Amino acid sequence: MVYAIVKAGGRQEKVSVGSVVVIDKLEGEAGDSVELEPIMLVDGDKITTAADGISAKVKAEIVRAEKGPKISIVKYKNKTGYRKRMGHRQKLTRVKVTEIA
C-alpha cells in the first residue's frame, strides 16, 4: 500500500490515492488541480522522508469549499456591564487525492 504524509494548512495529513481530506482554505474552484507538499512517502517496506529527498508529487483535486463548525467567543468583564458575543467559522477546502507519483 502506498501512502504519503503531506503538509497542508499548517497540519500534517495521511493520504492515499482516492482519499478525501478537509484542509485549510486553498485558492481555486471546484475541479481545479492542486499539488500538496509531501513530507514522507511509504511504498510497502520502503520509507522516504523529506530529508532524504522525495521526488514524488502528491496531486489532488478540489471537491468543494466548506466552513468548519461555529465557535462562540464570549467576552465578559465583571461589575461593568461589559458583555460581547462573537462567532467564527473557519473556511476549509475538501480535496480528493488523485495521484501519488
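As the structure is a computational prediction, the values presented were derived from the model and not from experiment.
A distance of 4.5 Å separates CZ in Arg64 from CZ in Arg94, rounded to the nearest 0.5 Å. Residue Lys14 holds its NZ atom at 14.5 Å from CD1 of Ile39, rounded to the nearest 0.5 Å. For the atom pair Met86 CE and Lys75 NZ, the distance stands at 4.0 Å (nearest 0.5 Å). Separating the NZ atom in Lys67 from the NE2 atom in His88 is a distance of 9.5 Å, to the nearest 0.5 Å.
For the pair Ile47/Met40, a side-chain contact is recorded, criterion being any heavy-atom separation below 4.5 Å from C-beta on. Val2 places none of its side-chain heavy atoms less than 4.5 Å from the side chain of Val17. Residues Thr49 and Leu41 form no side-chain contact, since every pair of their non-hydrogen atoms from C-beta on lies 4.5 Å or further apart.
Linking Ile, Leu, Val, Met, Phe, Trp and Tyr whenever their side-chain heavy atoms come within less than 4.5 Å puts Val15 and Ile62 in one cluster. Note: the hydrophobic cluster containing Val42 also contains Ile5 (ILVMFWY, side chain heavy atoms under 4.5 Å, direct or indirect links).
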Acceptor/donor pairs from residues 19-36 side chains to any protein atom, 3.5 angstrom cut, sequence neighbours excluded:
{"from": "Ser19", "atom 1": "OG", "to": "Ser16", "atom 2": "N", "distance (Å)": "3.2"}
{"from": "Ser19", "atom 1": "OG", "to": "Ser16", "atom 2": "O", "distance (Å)": "2.8"}
{"from": "Asp32", "atom 1": "OD2", "to": "Glu29", "atom 2": "N", "distance (Å)": "2.8"}

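Listed for the Thr98 side chain is a donor-acceptor partner under 3.5 Å among the backbone atoms of Lys59. Of the possible polar contacts, one joining the Arg89 side chain to the Gly68 backbone as a donor-acceptor pair under 3.5 Å is found.
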Val58 vs Val97, test: side chain to side chain contact (heavy atoms under 4.5 Å, CB included). Steps then yes/no. CA-CA 7 Å; Val58 178; Val97 178; 4.1 Å; yes

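Residues Ala56 and Pro38 approach most closely at O-CG, 3.6 Å, considering heavy atoms.
Relative to the ring axis of Tyr76, Lys84 does not place its NZ or CZ within 45° and under 6.0 Å from the centre.
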